[in-house]
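I have placed the structure first, in the form of structure tokens, so that the comments after it can refer back to it.
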Amino acid sequence: QTKTCNQQELIRNLKETLRRQKDNGQKQQEKIELLESTLQSMQEKLKEVLAQRHDSRSQVEQWKNTTHNRLQSLKDEYQRNTDHYKQQLALKEEELAKMKKKFSRVLSHMDTVIDKNTGAKSSNHRT
């Protein structure tokens with residue numbers, strides 16, 4: 001009878017241990033599921049952050065390219081304008097030189113005419 005009693009006690013203890021282990025297993029499983037859920041959420045958040053970072057980098061790269069292209073365009077436009085104005089200045093200087101020559105010839109001609117007239121008047125005064 002003691003043997004049977006001990007066996008029943010042992011069986012009760014084993015059942016209790018098994019139940020506790022089952023409960024512990026269930027709790028462990030719940031913890032694992034919670035950790036897996038948390039990990040999945042963190043992975044999704046990381047994907048979002050990386051996507052935003054990639055978008056930001058793309059925007060910065062696009063801005064850099066746009067700014068570089070605009071700057072290059074302005075430099076080219078400045079160079080074209082500078083070349084154009086230099087060309088216009090050279091043409092105006094050439095025109096000015098021609099006008100100076102004409103003016104010089106006109107002045108020279110006027111001096112000649114004045115000299116002739118002055119000479120003619122003097123000879124008229126003499127007579």
Side-chain angles (χ1 to χ4, degrees):
Q1 188 176 6
T2 308
K3 200 174 186 184
T4 310
C5 201
N6 283 344
Q7 285 178 342
Q8 285 177 346
E9 181 69 28
L10 185 61
I11 290 172
R12 251 194 328 272
N13 286 342
L14 285 174
K15 281 183 178 179
E16 181 60 28
T17 303
L18 186 60
R19 186 191 60 74
R20 273 191 255 130
Q21 284 181 346
K22 248 176 141 178
D23 286 350
N24 286 343
Q26 178 117 15
K27 287 177 185 174
Q28 294 271 331
Q29 185 61 36
E30 288 171 3
K31 283 182 183 178
I32 288 171
E33 288 171 2
L34 180 63
L35 286 172
E36 285 175 342
S37 172
T38 304
L39 179 62
Q40 188 174 0
S41 294
M42 290 173 78
Q43 286 174 332
E44 288 172 8
K45 185 66 179 168
L46 180 62
K47 282 180 186 175
E48 287 176 27
V49 168
L50 289 175
Q52 288 173 351
R53 184 175 164 205
H54 176 73
D55 288 348
S56 294
R57 279 188 173 175
S58 296
Q59 287 174 346
V60 167
E61 197 60 35
Q62 184 179 9
W63 177 82
K64 239 171 66 177
N65 290 337
T66 302
T67 304
H68 175 76
N69 291 343
R70 181 69 182 131
L71 181 61
Q72 191 58 50
S73 172
L74 288 172
K75 283 180 181 177
D76 293 345
E77 185 179 349
Y78 173 79
Q79 191 58 50
R80 280 192 305 276
N81 287 341
T82 301
D83 293 346
H84 173 75
Y85 291 127
K86 282 181 182 176
Q87 186 181 19
Q88 291 298 311
L89 180 63
L91 289 173
K92 293 295 179 187
E93 285 175 343
E94 193 177 308
E95 205 176 297
L96 181 61
K98 287 179 183 176
M99 288 176 77
K100 280 182 179 177
K101 256 186 181 176
K102 280 185 183 178
F103 187 68
S104 179
R105 282 197 303 258
V106 167
L107 282 179
S108 177
H109 179 70
M110 286 175 69
D111 283 345
T112 306
V113 168
I114 288 173
D115 286 347
K116 282 183 183 176
N117 284 338
T118 306
K121 282 183 184 175
S122 339
S123 59
N124 284 341
H125 285 291
R126 281 184 224 146
T127 51

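This one's a predicted model, so the numbers in the text were calculated from it and none came from an experiment.
The OG1 atom of Thr4 sits 12.5 Å away from the CG atom of Leu10 when rounded to the nearest 0.5 Å. Atoms CD and CG, on Gln28 and Leu35 in that order, are 10.0 Å from each other to the nearest 0.5 Å. Considering CE of Met110 and CZ of Phe103, their distance stands at 8.0 Å, rounded to 0.5 Å. Distance check: Ile32 CD1 to Glu30 CD gives 10.5 Å after rounding to the nearest 0.5 Å. Atom NE2 of residue His84 and atom CG of residue Leu89 lie 11.5 Å apart, to the nearest 0.5 angstrom. One finds the CG atom of Leu18 at 12.5 Å from the CD1 atom of Ile11 (value rounded to the nearest 0.5 Å).
Remark: the backbone N or O of Asn13 is paired with a side-chain donor or acceptor of Thr17 at under 3.5 angstrom.
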Does Lys27 form a salt bridge (Lys or Arg N to Asp or Glu O under 4.0 Å) with Asp23? I'd like the steps, not just the answer.
CA-CA 6 Å; Lys27 287 177 185 174; Asp23 286 350; over 6 Å; no
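Applying the salt bridge (Lys or Arg N to Asp or Glu O under 4.0 Å) criterion to Glu95, with sequence neighbours excluded, gives no partner residue. For Gln88, the side chain to side chain donor-acceptor pair (under 3.5 Å) test picks out no residue, with sequence neighbours left out.
Under 4.0 Å is where a charged nitrogen must lie from a carboxylate oxygen, and between Glu77 and Arg80 no such pair does. A salt bridge links Arg20 with Glu16; the closest basic N to acidic carboxylate O contact falls under 4.0 Å.
The local environment of CD in Gln26 is sparse, with at most 12 non-hydrogen atoms from other residues, nucleotides or ligands closer than 6.0 Å.
For the residue pair Gln79 / Asp83, a side-chain donor-acceptor distance below 3.5 Å is found, with atom types taken as modelled.
The side chain to side chain donor-acceptor pair (under 3.5 Å) contacts involving residues 37-57 comprise nothing, where partners must be two or more places apart or lie in separate chains.
Put simply, the side chain of Thr82 reaches to within 4.5 Å of the side chain of Tyr78, judged on heavy atoms.
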